[in-house]
Amino acid sequence: MQTILTAQQMRLADEHTISQRSISSLTLMEEASRAFVNAFLACEADKKVSIHVFAGQGNNGGDGLAIARLLQAEGYPGLQVSIAAFTGRQSADFSVNLARLKEAGIEPVWITVPGRVPDSSAVVIDALFGSGLNRPLDENYNRLAAQINHMGARVYAVDVPSGLASERPFPGEYNGVRALRTFTFQRPKRSFFLPESAAAQQAFEVLDIGLDERFIESQHSDMVLLEPEDMRSLLRPRKPFSHKGTYGHALLVAGSPATMGAALLAAKGCLNAGAGLTTLAIPASGLTALNTALPEVMALPEAEMANAAGLARFSVLAAGPGLGTDESAAAKVNLLLTTGRPLLLDADALNILADRQWLDRLPCGSVLTPHMKEFDRLFGPATDWNERLENALGQATARKITIVLKNQYTFVVPPGGRAFVNPTGDPAMAQGGMGDVLTGILAALLAQGYAADDACKIGCYIHGAAGMRLASQQFVVSASAVAAEIPAVLKHCLLN
Ligand SMILES: NC(=O)C1=CN([C@@H]2O[C@H](COP(=O)(O)OP(=O)(O)OC[C@H]3O[C@@H](n4cnc5c(N)ncnc54)[C@H](OP(=O)(O)O)[C@@H]3O)[C@@H](O)[C@H]2O)[C@@H](O)CC1
Ligand SMILES: [K+]
């Protein structure tokens, strides 16, 4: 797991590393700039490309000047450097790098008043502002950012796209530099995981610049990034002499005549993520489809969905995929709530909770897997994703539940004030049924005895990893294909 730091904590990590390694801040700036140049070389191998570096006057600008000098030394002759100096003071390391730039024979252009900037470069390096940005861009910087954006150049941002706040995006429309790629130092910034950052960058890559990892990991943060190693330590291998009873019995209450597929997909996810037994409570009209498609899965006769005592034999109770929101669906969710046991609820089960105002009946230890709209319906509207995430952090702690807030980067939010960011997934997975498979996977992991937070971390990770594996070969990935890929992904995560 990687702790995601605030800009202030990043500065502390910077200072700590400087004193611990007995190096100057200038050396660290040089190392960061070298790391940027190495990553840049891999993307822009043609040395004849024209490059325009836009630097501010802080340390991000200092990086920009050092990068320009290093690129010239690498043999890129078509370099120009502009320094935006509408306001502000020069940082000490910026000043030293300005002198070094001039010694290297590069004379920068100073932009002190708004005006036209040359727009013929194929590549822009954006080093106007980094993690020090603490207020929205003013008129002048905003105009410069717009000019850079209109150049049609390939824009590489240093550390953070200029205009994007590191922790939480500023309210309103993004008015900064729009980067093709950001090379960010040591850690992704918190705002990179919030969907608003899509306006500022298409992708980011993290560069190790040698900051002290022990110090970073000792910092308190409300955001933690999951890594492949976490799966290896969380996942448990199948035990010798074990049998189907060892791995739990999941009940999935799902499906309606028009949306039976959702129930089947959830059951397929559950089967493939290793539940000992999977039972599906579906309307009778789905039984033929179930027996044909998934012969391993059992069906619960509808009459048994009227008796809470009969549910005691299941190790996990899950509901939602394709369930519908009519009276009979609500009666099923009501029955599950009367058991007083932790529930796994998704999709229509969440809508039923919201519509009937049953949220306060939800037992502690439950897991909810909403997407944005379902979350807002349950917990109230949010003006932006940061507010939504903070609400999720508060609700999970107050209600002692785990919320899986789904998005490109899904947030697993257990009680305790930390969101675990899932890094896996691919746009090829943007298709109906994905959430149903995830519910089935989570049910299987809960049935196998994983704690709610661990089940959600593993489940989201392997679901996205399955999609990524398939997307490396396919344009689009179906939910059934993701479910079918899960056993192989689990094996891979356990062994690698
Ligand atoms: N941390 C590390 O480990 C390492 C960091 N390194 C690099 O340092 C970068 C951070 O540098 P930085 O702190 O000097 O801030 P930076 O982003 O250059 O801004 C400069 C100043 O601008 C100001 N300002 C803010 N908002 C504004 C606005 N809207 N419009 C106008 N002005 C505004 C504000 O000053 P203020 O006006 O508040 O006094 C701020 O201080 C980091 O991103 C990375 O590239 C690496 O070199 C080595 C390792
Ligand atoms: K920048």
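- Residues Arg181 and Cys43 form a side-chain contact, since some pair of their non-hydrogen atoms from C-beta on lies under 4.5 Å apart.
- To the nearest 0.5 angstrom, Thr182 atom OG1 is 8.0 Å from Asp126 atom CG.
- Side chains of Phe36 and Ile209 form no contact here, defined as non-hydrogen atoms less than 4.5 Å apart.
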Could you give me the CA-CA distance, side-chain angles and deciding distance for Leu495 and Lys491, then say whether side-chain contact (heavy atoms from CB on, under 4.5 Å) is met?
CA-CA 6 Å; Leu495 297 181; Lys491 190 82 182 173; 4.0 Å; yes
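- Between the Gln448 side chain and the Ala444 main chain, a donor and an acceptor come within less than 3.5 Å of each other.
- No side-chain donor-acceptor contact under 3.5 Å links Glu227 to the backbone of Glu229.
- Proximity of a side-chain donor or acceptor of Asp426 to a complementary backbone N or O of Met429 within less than 3.5 Å is not detected.
- To the nearest 0.5 angstrom, Leu362 atom CG is 6.0 Å from Leu353 atom CG.
- Inspection of the Asp453 and Thr402 side chains reveals no N or O donor paired with an N or O acceptor under 3.5 Å.
- Residues Phe241 and Thr246 are not in side-chain contact: their nearest non-hydrogen atoms beyond the backbone lie 4.5 Å or more apart.
- For the pair Ala266 and Pro321, the tightest heavy-atom approach, listed with the atom from each and the gap, is CB-CG, 4.0 Å.
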Could you go step by step and tell me if Leu225 and Thr3 meet the side-chain contact (heavy atoms from CB on, under 4.5 Å) rule?
CA-CA 6 Å; Leu225 180 63; Thr3 302; over 6 Å; no
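- Put simply, the side chain of Ser366 does not reach to within 4.5 Å of the side chain of Arg399, judged on heavy atoms.
- Side-chain contact annotation: Gln186 with Glu213, donor-acceptor N/O pair under 3.5 Å present.
- Contact record, Ala483 with Asn272: O-ND2, 2.8 Å, taken as the closest heavy-atom pair.
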Considering only distance and modelled atom types, tabulate donor-acceptor pairs under 3.5 Å from the side chains of residues 189-196, sequence neighbours left out.
unit_1	atom_1	unit_2	atom_2	d
Lys189	NZ	Asp159	OD1	2.9
Lys189	NZ	Thr184	OG1	3.0
Lys189	NZ	Phe185	O	3.1
Lys189	NZ	Arg187	O	2.9
Arg190	NE	Asp222	OD1	3.1
Arg190	NH1	Glu167	O	3.1
Arg190	NH1	Asn386	OD1	2.8
Arg190	NH2	Asp222	OD2	3.1
Arg190	NH2	Asn386	OD1	3.2
Ser191	OG	Ala165	O	2.7
Ser191	OG	Ser166	O	3.1
Glu196	OE2	Trp385	N	2.9

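- Look at Asp230 and Lys457 and you find no salt bridge, because none of the NZ, NE, NH1 or NH2 atoms lies under 4.0 Å from a carboxylate O.
- Nearest heavy atom pair, residue Leu389 against residue Ala419, reads CD1-CB, 3.9 Å.
- With contacts defined as side-chain heavy-atom distances shorter than 4.5 Å, the pair Asp376/Lys373 does not qualify.
- Residues Gln202 and Arg178 form no side-chain contact, since every pair of their non-hydrogen atoms from C-beta on lies 4.5 Å or further apart.
- Ring centroids of Tyr156 and Phe40 are separated by less than 6.0 Å, placing the two rings close together.
- If you take CD1 on Ile125 and CZ on Phe183, they are separated by 9.0 Å, rounding to the nearest 0.5 Å.
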Side chains of residues 247-254: which donor-acceptor partners sit under 3.5 Å, not counting sequence neighbours?
unit_1	atom_1	unit_2	atom_2	d
Tyr247	OH	Lys239	N	2.8
Tyr247	OH	Ser242	OG	2.6
His249	NE2	Thr279	OG1	2.6

Applying side-chain contact (heavy atoms from CB on, under 4.5 Å) to Thr6 and Ser221, what does each step give before you reach the verdict?
CA-CA 8 Å; Thr6 62; Ser221 169; over 6 Å; no
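- Distance check: Cys270 SG to Leu446 CG gives 9.5 Å after rounding to the nearest 0.5 Å.
- Of all non-hydrogen atoms in Gly365 and Ala452, the two that sit nearest each other are O-CB, 4.2 Å.
- Residues Arg361 and Asn334 bring a donor and an acceptor atom of their side chains to less than 3.5 Å of each other.
- Judged purely by atom type and a 3.5 angstrom limit, Asn291 uses its side chain to pair as donor or acceptor with the backbone of Leu287.
- For the pair Phe379 and Ile403, the minimum side-chain heavy-atom distance is below 4.5 Å.
- Using modelled atom types and a 3.5 Å distance limit, the side chains of Arg377 and Asn351 yield a donor-acceptor pair.
- Close placement of the Tyr141 and Phe129 rings is indicated, their centers lying within 6.0 Å of each other.
- Tyr409 OH to Met223 CE: the interatomic distance, rounded to the nearest 0.5 Å, is 11.0 Å.
- Glu296 contributes no side-chain N or O that, together with a main-chain N or O of Lys268, makes up a donor-acceptor pair within less than 3.5 Å.
- Between Arg21 and Glu31 a salt bridge is recorded (basic side-chain N to carboxylate O distance below 4.0 Å).
- Because its NZ or CZ atom is both nearer than 6.0 Å to the ring centre of Tyr450 and within 45° of the ring axis, Arg236 counts as a cation-pi partner of that residue.
- The CG atom of Leu393 lies 13.0 Å from the CZ atom of Arg388; values are rounded to the nearest 0.5 Å.
- Lys332 and Glu302 are joined by a salt bridge, as a carboxylate oxygen and a charged side-chain nitrogen come within less than 4.0 angstrom of each other.
- The closest donor-acceptor contact from the side chain of Ser256 to the backbone of Leu323 lies at 3.5 Å or more, if one exists at all.
- Side chains of Met372 and Lys406 form no contact here, defined as non-hydrogen atoms less than 4.5 Å apart.
- With Glu390 contributing its side chain and Glu387 its backbone, the two residues share no donor-acceptor pair below 3.5 Å.
- Arg214 CZ: 12 or fewer foreign heavy atoms inside a 6.0 Å radius.
- The two atoms that bring Ser131 and Val160 nearest to each other are N-CG2, 4.0 Å, heavy atoms only.
- Side-chain atoms of Ser478 come within 3.5 Å of backbone atoms of Ala481 as a donor-acceptor pair (strictly under, hydrogens ignored).
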Verdict with reasoning, Thr410 to Val404, per side-chain contact (heavy atoms from CB on, under 4.5 Å):
CA-CA 7 Å; Thr410 289; Val404 176; 3.5 Å; yes
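- Side-chain atoms of Asp348 never come within 3.5 Å of backbone atoms of Thr325 as a donor-acceptor pair (strictly under, hydrogens ignored).
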Could you go through residues 434-443 and list every donor-acceptor pair under 3.5 Å that involves a side-chain atom there, pairing it with any protein atom two or more places apart or in another chain?
unit_1	atom_1	unit_2	atom_2	d
Thr439	OG1	Asp346	OD2	2.8
Thr439	OG1	Gly435	O	3.1

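- In this structure, Ser162 and Ala127 approach most closely via the heavy-atom pair OG-C, 4.4 Å.
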